[in-house]
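Below you'll find the structure, written out as structure tokens, and then a few comments.
Order of the sequence lines sets the chain letters (A, B, ...), proteins ahead of strands, with each chain counted from 1. Computed from a predicted structure; not experimentally measured.
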2 protein chains.
Amino acid sequence: MALNNPTLETPVTTADKVFDSMLHAIVDGKIPAGSKISEPELAKQYEISRSTLREALNRLEKCHLIERKANVGSRVVECTIESLLEIYIVRESLEGMACRQAAIHMTDQEINEMQNMLKQHATAQALKDGIAYYQEEGDLDFHYKVILGSHNKQLINILCGQLYHLVRMYRIQFGMNSPRATRAFDEHSRIIDAIADRDGELAELLMRRHIAASRKNIEKKITQLNSDS
Amino acid sequence: MALNNPTLETPVTTADKVFDSMLHAIVDGKIPAGSKISEPELAKQYEISRSTLREALNRLEKCHLIERKANVGSRVVECTIESLLEIYIVRESLEGMACRQAAIHMTDQEINEMQNMLKQHATAQALKDGIAYYQEEGDLDFHYKVILGSHNKQLINILCGQLYHLVRMYRIQFGMNSPRATRAFDEHSRIIDAIADRDGELAELLMRRHIAASRKNIEKKITQLNSDS
DNA sequence: ATTCGTTAGATTGTCGACAATTAGGCTTTG
DNA sequence: CAAAGCCTAATTGTCGACAATCTAACGAAT
């Protein structure tokens, strides 16, 4: 699956491999959110020098997965609701624009591939709710394809290179196997239609609504949780 | 001026200082766009070790000012028209959203300050076109305030921490003292009005038009240049 | 008892040297 | 003469050690 390596660059240097390894560890919560990172300890754990580790830490910082303070050290970012909602705000605007650009710049072949992908998701969804996991992965795949379809390097870099690791982190750590599965599927379908029609304005509108709906869904859950307590 | 230090963190470590120094050098074109970066040479020039230099290079890469390839080295990014237009696409969506959020989250005091700033720009513009430079700086100040007004850390980080260095780089190296000065001022004014009215939808629309107008202005210039040749 | 200053320990920042990889010129061969 | 392969030089990646800085525990003074 291409998700794990969005930059499409196969890791070549050892710092690359450690970065990949830590990326997964953080996203999956094996290195807990908010925890402090001890350079000597991790260096020993990965059996590398501190220089190499620091190189990996720098790349993690580029993905906003860790934060560094001078002369103090690094921490894994905290998973707060506020932060999650902020990310959805950014996604709403950026992916909306990516969708508009995709309607302009995607090739017919790319559109075809995306339509086929959605059909696969449809059949996969037939063996239903049993595993909502596939739907989640499918959702990410869909968004990825749209973003890449924008053919805008800046957009792709920000969304795929930085933001999406955070999105995955939140999804996993908050255990968000969204109950919006079937509705999300319909929304995806209409977005592709708009792209296929080369209707950039509609495509952007639909994508923004799609993401805003997810955000509001999260907000609703939160207020429910708060009223429960 | 806060522009030079958008993260508001005073440089403390020597890598910080070298980063700051190189940031200016690249933005101002003293280190030419597209040029290769020799680590040993620059380390000697700044009288630091290669480790420290590489730390600075990592931060420059975070700003998308240089690009690295494994086992090959670093280059300053090229200033291409395509890239500039891509950046404006990103700005249009992100700053549009920032503006919408600013209409929601800005405090009355912040709005007041921005209105006062605009008045200053108005009088400064009275001693007119003589120096369009001030208008340019004023433009950046305006956009900065709006972005900060969104109170969204993700937005602020992407726009102020990463994209705006690139924007300044293009402005300086392409010598863009836009002829849109007076029109831009009017547009700024209406955007602030919308924010003061807490009309997020309108504020976003106006900001997107404002930036799209700049982009189209650039596109027009380019086609003119091409037809001249 | 609380607050402040001091000190010891640990952690981060910086350095110079070595190993791995690449780029370009040179030789060799068809 | 052109093209392929090798080899040298330079550059990047990695390492371990030292210096600067911060954290926290301890003790002294009010």
Whole-Å gap separating [atom2] ([N]) and [atom1] ([X]):
X	N	atom1	atom2	value
B:Lys44	C:dG16	NZ	P	13 Å
B:Arg75	D:dT12	CZ	P	11 Å
B:Glu41	D:dT12	CD	C1'	15 Å
B:Ile37	D:dT12	CD1	P	10 Å
B:Asn58	D:dT14	CG	P	12 Å
B:Asn71	C:dG24	CG	P	15 Å
B:Glu39	C:dC15	CD	C1'	15 Å
B:Tyr46	C:dT14	OH	P	15 Å

- Over 12 foreign heavy atoms within 6.0 Å of NZ, B:Lys153: no
- Query: Take atom NZ in B:Lys36; do more than 12 heavy atoms of anything else shown fall under 6.0 Å from it?
  - Reply: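 Yes, NZ of B:Lys36 has more than 12 neighbouring heavy atoms, counting only those of other groups under 6.0 Å.
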- Verdict with supporting geometry, B:His143 and B:Asp139, side-chain hydrogen bond (donor to acceptor under 3.5 Å, both in side chains): CA-CA 6 Å; B:His143 285 272; B:Asp139 182 59; 3.3 Å; yes
- Query: Under 4.0 Å between a Lys/Arg side-chain N and an Asp/Glu carboxylate O for B:Lys145 and B:Glu95?
  - Reply: no
- Query: Can B:Glu55 and A:Arg68 be counted as an ion pair, charged N to O under 4.0 angstrom?
  - Reply: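 Between A:Arg68 and B:Glu55 there is a salt bridge, with a charged N closer than 4.0 Å to a carboxylate O.
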- Task: Mind running side-chain hydrogen bond (donor to acceptor under 3.5 Å, both in side chains) on B:His151 and B:Glu110 for me, showing each step along the way?
- Result: CA-CA 11 Å; B:His151 291 226; B:Glu110 285 176 315; 2.9 Å; yes
Output a table of nitrogen or oxygen pairs between the protein and nucleotides 5-8 of chain C separated by less than 3.5 Å.
none

- Task: Over all heavy atoms of both residues, which pair between B:Glu92 and B:Ala212 is shortest? Give the atoms and the distance, please.
- Result: OE1-CB, 3.6 Å
- Which of residues 47-57 of chain B sit near DNA chain C, with a heavy atom under 4.0 Å from it? B:Ile48, B:Ser49, B:Ser51, B:Thr52
Hey, does the side chain of [X] come within less than 4.0 Å of [N]'s phosphate (OP1/OP2), counting only N and O?
X	N	answer
B:Lys36	D:dT12	yes
B:Thr13	C:dT14	yes
A:Thr14	D:dG13	no
B:Arg68	D:dT12	no

- Message: Taking the nucleotide of DNA chain C with the nearest heavy atom to each, does B:Val72 or A:Ala70 sit closer to the 5' end?
- Response: A:Ala70
- Taking for each residue the nucleotide of DNA chain D bearing the nearest heavy atom, is the 5' side occupied by B:Val12 or by A:Asp16?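 So the residue in question is A:Asp16.
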- Do B:His188 and B:His210 have ring centres separated by under 6.0 Å? yes
- Message: side chain to side chain contact (heavy atoms under 4.5 Å, CB included) for A:Arg54 and A:Arg50? Distances and angles first, verdict last.
- Response: CA-CA 6 Å; A:Arg54 282 163 70 88; A:Arg50 262 184 62 225; 3.9 Å; yes
